[in-house]
Each structure stands twice: as C-alpha cells, then as structure tokens.
Asker: 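Sharing a structure below in structure tokens format, with a few things to ask.
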Amino acid sequence: MTAEAAETAFGELYEEQPDLFIFDPVAIAERLEKPKNPDMGNYALPLFDLAKTAHGNPADLNKQLTDAQNALINQKDGFDYLSFEAVGGFNNCRVSAGATAKLVLSAIATDEDEYGSSDEGRGKNIVIDFSSPNIAKPFGIGHLRSTAIGNSLYRIFQKLGYRPIGINHLGDWGTQFGKLIVAYNLWGIEMQNKEPIAGLYDLYVKFHREEEKDPSLSEKAREAFKALEDGNQDEAELWKEFRDLSLQSFQQIYDRLGVHFDYNHGESFYNDKMDATVARLEAAGLVTDSQGARVVNLEAYNLPPCLLAKADGATLYATRDIAGILYRWETFRFERALYVVGAAQQDHFKQVFKVIELLEDAEQTLPEERISPRLQHIEFGWIRFKDQAMSTRKGNIIILEDVLNKATTLARELILEKNPDLAELDKTAQIIGVGAVIFADLSTRKHIDVNFDWDAVLTFEGETGPYLQYTHARLCSLLRHYQQPIPETVDYRYLDQPEEKNVLDVLYRFPFVVRESAETCEPYVISTYLLTLGAAFNKVYQRKNDDGKIDRIISDDTEQTAARMALVNAVRVVIREGLYLLGITAPDEM
RNA sequence: GCCCCCGUAGCUCAGGGGAUAGAGCAGUGGUUUCCUAAACCAUUGGUCGCAGGUUCAAUUCCUGCCGGGGGUACCA
C-alpha cells in the first residue's frame, strides 16, 4: 500500500459515483494530507473549501461521503484494506497494516542500499563547488559547513543518478598572497621553528596587526601580488611552497572526514584564462572604466558594479569565478552548477551570475546553450563563536582538527566505559567522533547562523549522530543474534503494533525525503528524517507488553520473529544509507 | 540609505494555511534476571517578536514596525 495507491483508490472510488461527488480524483490526490495525529488515520481529506463550493456544511458532506465510501468498499473487491471515517470536516482514511508492510519491506529487502535511488539524473553532470578553504590558513570550523553540505549534496545527487563533479575551489590566489609574501620576507625568520601552517597563519595575523599601524604595508602587499600575477620568479616560488604545505595539511582533514574531490582547481588555476575572459566581456560591450578599474556596471539590476580588474591591472575573485564558470561549462557541459558558499557572498554570486547572463544576451546564445539558468548559489549561515563572527584575520578561530580530536577522544573514553571489549577501538572512536561533528553541522537548516558550542558538538546523546550510530549498531546486533537469514516470505500481518506501523510509515517516506533534500539542497531534511526513524524504532525495541515486560523482537514465535527481523533489517538499511548520504559512517558495533 | 537572513519552551532547534504547536538538552520521577541504558517511559515548561490585513481557517501568506546578524567597488 502506497500513497500513490491510496490516491488511486480514492480516485477510483470517486469515479464510481460522479453524481454524488463534486470532486475530481486529481484534485483529491493533491489535497490529501497526512494527519499530525496518527489516531486520525493515514490520510486525510479536508472538506472545508469543497463544502463551501457545494454550499453545504463540511460535517454533513463528510457524513454523506464517508457512508458512500464505505459502501463502495463493501461492494468492490480489492479495497478492503481501506476504511474511512468522518471527523468534523476531515475525511480520514486508514490503511491496514499488512498492506503497507508488504510493500515497504519487500522493496527494501530487494533494493537494499538502492532503496530510494533513482536514475532521474542519468547522463547529467552536476558541478558542486564546495569546501574551498584558503591556502596558508588553518582549516577552521567555519569551513566545515561548506565541506559537509557539499559532500552530502554530492552523495545525494549521485543517489539520484546524476554524475556529480566535486571541485575544491581553493583560495590560492589573490591579494592575501601579496600580504603573506611581504610578511614572510619581513618576519619569516621568526616563524622558522614552528609547524608550517601555524607559522604562516601567525604571519598572516601579524601582518594585519602591523598594517593598522603602518598603512604602507597594504601598498607593498598589492605590489607583491601584482608581481606574483605577472609571473615574477621569487614570488612564484614562495607561493608554490605555501600552497603545497597547505594542500598536505588539508588532505589529512579530508581523509578524516571521508570527503573526496574530483578536482582541486583553485583560483590560481584560472590565472592564464583571465585575459581571454576579460577580452570576451569587452567584446560583448559590457566593460567600462571606473576610477581606473575595469568594471561591469550592474546599476540597472540594483547591484554594485562587478570589478574585473583593479586600477593596477590585477584581477579579482569575481573575474576568476567568471573564468571558472566559462571553463567548467566548456569542460563539463553541466546540467547545473552549485556553489556551496556562505550567505555573506550572495551579492558576489548575484553579480557574477548576472554578468554571465548579460554576456549570453550580448552573444545571443541559444536557450539550450545558456549557462546562467544552471547556476545556483547554495548559501548557508555563519558559524559564530560566543556571538562573534569568526575572523581569520584577527585570529579568532576554532580549528577543525582540534574539534575532531576532542570528539574522537571523548568517543574513545565512552567506548572504554560502555563496551570495553570492542575490537576496533580507535577506528570506531574516530567514526563516532567525526560523525558527531558532521551531524551537528548538518542537523539544522543551512541558512540560519549557528553559534559554535563545544557542548553541542561533544554530546553523544539525544538528537545526535552517535544516537543514530548507536541505534544502527543495535540493529546489527539483533541480526547477529538472529543467527539465520531472514526468510524471503514472511507474514507481514504480525507487524500490527502501533509502534511498528509507525516505523513502516517512516520507512515508506525515505525515497521522498531523499528527493526533497535534493530539490531543496538541504541535507538537514535527511538528518531530521533519520532522527524520526531512529526514535520510531527505539520505541519498538523497548515496547512493553501489558505485563510491563519488554516485548522482545526475537522470541519463540518464529513467524512473528521473522516478520520483525524483516523490519529490523529494513531500518538498518535505511539508517545506514541515510547516514552515508550525510557523509557519516555507521559502525556495526560500538 | 539600499539588499538578504533570522526572531517558536530556560537553552539548541523542527513545523511554513487546517483538527490539542513538536523534538532534544537542562529539571523532576521511573525502567536493566543484560536481543548494547549512547536507549526507553512519565512529568514540568509556550500571549509562536509586536501591530494591522487576506481567509471558513494564520505560528504559517501580505504590509508596517521592533530586535539580532550579514552584505554593500579595487579582500575572499
């Protein structure tokens, strides 16, 4: 029994009586909603506005309708899994337990981790630009959001059949490197004995401190970057060294998080494409001079001008993003390109996307060849710390590695306390610690600002990643105890407890949830779904009989146990797959 | 000034026209002759920022205001 089938059944029932009912089956299918209170049945049809059009009162119409519905069910074969009830203005429909169970559990048993997958994206490339940390700075907690959201979207779109292309648009170019080069030449000696990234970061912070006292440093930094961009040897060598050191350090983080990129094309990658890009925009008549800078005026669109080149000729990040879009289009012919970047940059992306659109207008690009409708900024809120914005310039930053280390250590202590015989202690501790950190980041809507809170990240109880991992481990444990394969055919009517029916309803929703998370580009849709599923199953697991004793999943009743194990396995599959879509591993034991 | 986001329980957040507004944490009281208590049950706690409007129905949609955050041409 599925919602579609319920909708069809509703429709068929109504078509039987076209004179009695003013409804058309399609309209009914669209109106059907899920009651918040499960006692009200599986589906509800609100009649208020329909009653109004028919000039009747909802309760009377409902009574008439319900009687006719139930009469039809008695007459016709094949609908006896449905029953209708009138409650005020709501026409409620109930679906029998066995019908849902059979459909959902056999689908999961067959598809396993492919449950909820589709091929709707077959043959379509989707570029996902995410993570994109800045070279020569530590990987801060602020970069976790882009990394975690982007990685999750990568997996979600892959599940729907798309070919995702993950690009780490490293911040490896720009005026900041002028600053770093100047700082290194001035004070590099002081940093010799430090760990390289920490040393570079200290230089960066020191530069900003000194710059306030000595504004001429800003000028020197601009000159140094210009020299770098012009290919000057000394600057280029320093830059390359900074970049290599940073990449090594970032790779350790990505390995720990289980994040993979298809390309590490940072901003510098587009350096040799700048001139052609600016020339193309100029040929399209979009570029003007303004106070010495090269600019695309966007006043007509209520946006600040998009700066392509500074007065000294050096390029800006907008130029590099525009060049990047053109390059990616030529290379990947993407269906869509997603930029997983903080909300603070929304004006920047509006500008850049608008410039692309104007370019296409000017070049009279054919509709199917147009890039601009495919571009989307996936924005998210800031991570703040103690109500302050984190600023790498000021040195007010929390390092992701420290957070992962603390979470892993805590997980290790907990395992030693709760399950000291666990074989893979360190590996499991790592999985749980990292899972807690990622889940904490992906469990709220992405566009709200989040206050970084050590306690929230280091909690493994309640609505957390470890809660789901723990539930998964217990499911695996049940399967181990069962010690036999689950029979191919089981009698689903044994799954008749309200707690079990609820789990079935939640399992049924998973494919829709995956699709919704893709449509909205919101991993938290999956996070909250998994919490609902975990809680629903834990109620089954610890359900008590009337005598006050736990109603065990595994009992002497082999038929009932078989049906329950089919449910257990289905929940296990969906939690595991759901966590995978968030970028989190589910251990079999913990 | 202009643009964007947020305001729901003590705290962190769901819900985004419909039936008594939900979770987790924190508080209180329970559950283990062990299918992993990282769990489960019960219970305390809310003029859904304020004021209008649209509607049979508004926490949800519209407008205004208040409060918080962010962006706004040579940083990214």
Side-chain angles (χ1 to χ4, degrees), chain A residues 33 35-37 40 44 46 48-49 51-52 57-58 87-90 92 132 134 171 173-176 178-179 218 221-222 267 290-295 297 302-312 314-318 320-321 341-348 350-351 379-382 384 387 389 392-393 411 414-415 417-419 422 432 436 440 443-445 447-451 453 455-456 459-464 466-471 473-482 524 528 531-532 534-535 538-539 541-544 548 550 552-555 561 568 589-590:
Chain A
E33 47 188 63
K36 286 172 187 164
N37 182 346
M40 296 300 174
F48 306 98
D49 53 340
K52 200 183 173 193
N57 88 58
V87 182
F90 288 94
N92 294 337
S132 311
N134 292 320
W173 205 246
T175 312
Q176 54 183 328
K179 294 177 181 175
S218 313
R222 270 194 288 276
E267 293 188 67
S290 174
Q291 300 165 36
R294 304 291 284 159
V295 149
N297 189 307
N302 199 20
L303 286 169
C306 181
L307 266 83
L308 300 174
K310 299 193 274 190
D312 65 3
T315 60
L316 287 138
Y317 71 122
R320 294 187 283 274
D321 270 336
V341 183
Q345 292 195 41
Q346 64 171 318
D347 278 358
H348 163 70
K350 278 184 190 166
Q351 290 172 295
E379 52 189 276
F380 52 83
W382 282 83
R384 289 177 292 168
D387 288 318
T392 48
R393 293 187 186 182
L414 273 173
I415 294 169
E417 176 192 322
K418 292 169 188 287
N419 192 2
L422 185 69
I432 294 167
S443 57
T444 59
R445 280 139 79 223
H447 59 277
I448 67 170
D449 291 348
V450 296
N451 237 324
D453 178 0
D455 290 340
T459 301
F460 297 170
E461 293 173 11
E463 297 176 327
T464 64
Y467 169 84
L468 293 169
Q469 291 170 319
Y470 175 72
T471 304
R474 267 206 317 211
L475 288 157
C476 291
S477 176
L478 281 167
L479 287 162
R480 268 182 255 119
H481 278 86
Y482 187 52
Y524 100 97
T528 51
L531 291 172
T532 306
N538 281 323
K539 285 187 204 306
Y541 185 82
Q542 293 190 117
R543 181 180 165 279
K544 286 178 180 167
I550 297 278
R552 300 176 149 258
I553 306 267
I554 299 173
S555 70
T561 302
V568 163
E589 285 181 76
M590 62 187 268

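What you see is a predicted model, and the numbers here were worked out from it, not measured in a lab. Naming: A, B, ... by sequence-line order, numbering from 1 per chain.
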Asker: Does B/rC13 have OP1 or OP2 under 4.0 Å away from a side-chain N or O of A/R445?
Answerer: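 False: A/R445 side-chain N/O out of range (4.0 Å or more) of B/rC13 OP1/OP2.
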Asker: Using only side-chain N and O atoms of A/R320, determine if any of them is under 4.0 Å from OP1 or OP2 of B/rA76.
Answerer: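 Checking B/rA76 against A/R320, a side-chain N or O does come within under 4.0 Å of OP1 or OP2.
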Asker: What integer distance in Å separates A/E463:CD from B/rA39:P?
Answerer: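 In whole Å, B/rA39 P lies 11 Å from A/E463 CD.
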Asker: Is the ring of A/F90 stacked on the base of B/rA19, with centres less than 5.5 Å apart and planes under 30° off?
Answerer: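 Per 5.5 Å and 30° rule: yes, stacked.
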Asker: Looking at A/S477, I'd like to know whether one of its side-chain N or O atoms comes within less than 4.0 Å of OP1 or OP2 on B/rU36.
Answerer: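 For B/rU36, OP1/OP2 do have a side-chain N/O of A/S477 under 4.0 Å.
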Asker: Using purine N1 to pyrimidine N3 plus N6-O4 or O6-N4 for Watson-Crick, or N1-O2 and O6-N3 for G-U wobble, each under 3.5 Å, what pairs with B/rU12?
Answerer: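 WC or wobble partner is B/rA23.
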Asker: Categorize A/I448 for me: base, sugar-phosphate, or nothing, with a 4.0 angstrom heavy-atom threshold over every strand shown.
Answerer: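 Contact class for A/I448: sugar-phosphate only.
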Asker: Between the protein and nucleotides 26-29 of chain B, are there any N/O to N/O pairs under 3.5 Å, and if so, what are the atom names and distances?
Answerer:
none

Asker: Nearest nucleotide by nearest heavy atom, which residue falls closer to the 5' end of RNA chain B, A/D312 or A/Y524?
Answerer: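 Taking each residue's closest nucleotide, the earlier one in sequence belongs to A/Y524.
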Asker: Can you check the distance between B/rU12 and B/rG30, where both ends of the measurement are the P atom (answer in whole Å)?
Answerer: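 Approximately 30 Å lies between the P atom of B/rU12 and that of B/rG30.
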Asker: Determine: side-chain N/O of A/Y467 to OP1/OP2 of B/rA37, distance under 4.0 Å, yes or no.
Answerer: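 So the side-chain polar atoms of A/Y467 never come under 4.0 Å of the phosphate oxygens OP1 or OP2 of B/rA37.
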Asker: Let me know the distance between NZ of A/K544 and C1' of B/rA39, rounded to the nearest Å.
Answerer: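 After rounding, the reported distance stands at 12 Å.
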Asker: Give none if B/rC2 has no partner; otherwise give the nucleotide forming a Watson-Crick or G-U wobble pair with it, both distances under 3.5 Å.
Answerer: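 B/rG71 is the nucleotide pairing with B/rC2.
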Asker: Taking only side-chain nitrogens and oxygens of A/Y541, does any of them come within less than 4.0 Å of OP1 or OP2 of B/rA38?
Answerer: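 For B/rA38, neither OP1 nor OP2 has a side-chain N or O of A/Y541 closer than 4.0 Å.
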Asker: Roughly how many Å is it from CD1 in A/I550 to P in B/rA39, rounded to a whole number?
Answerer: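 These atoms are roughly 15 Å apart.
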Asker: Nucleotides 53-59 of chain B: which of its N/O atoms have a protein N/O under 3.5 Å away?
Answerer:
unit_1 : atom_1 : unit_2 : atom_2 : d
B/rC56 : OP1    : A/K52  : NZ     : 2.2

Asker: Counting only side-chain nitrogens and oxygens, does A/H447 get under 4.0 Å of the OP1 or OP2 atom of B/rC6?
Answerer: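 So the side chain of A/H447 is within the cut-off, an N or O lying under 4.0 Å from OP1 or OP2 of B/rC6.
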Asker: On a whole-Å scale, what distance lies between the C1' atoms belonging to B/rG15 and B/rA9?
Answerer: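 Each nucleotide's C1' atom is 14 Å from the other's.
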Asker: What interatomic distance, in whole Å, is found between C1' of B/rC13 and the corresponding atom of B/rA19?
Answerer: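 Nearest-Å result for B/rA19 against B/rC13 at atom C1': 25 Å.
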Asker: If the cut-off is 4.0 Å, is A/K418 near the phosphate of B/rA38, judged by side-chain N/O to OP1 or OP2?
Answerer: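 True: A/K418 side-chain N/O within range (under 4.0 Å) of B/rA38 OP1/OP2.
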Asker: To the nearest Å, give me how far apart CD (A/Q542) and P (B/rU36) are.
Answerer: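 After rounding, the gap between these two atoms is 11 Å.
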Asker: For B/rA37, take OP1 and OP2 only and decide whether either is under 4.0 Å from a side-chain N or O of A/Y470.
Answerer: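 Checking A/Y470 against B/rA37: at least one side-chain N or O falls below 4.0 Å of OP1 or OP2.
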Asker: Across all strands, who's sitting opposite B/rU47 as a Watson-Crick or G-U wobble pair, both distances under 3.5 Å?
Answerer: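 Here B/rU47 is not engaged in any pair, so there is no nucleotide opposite it.
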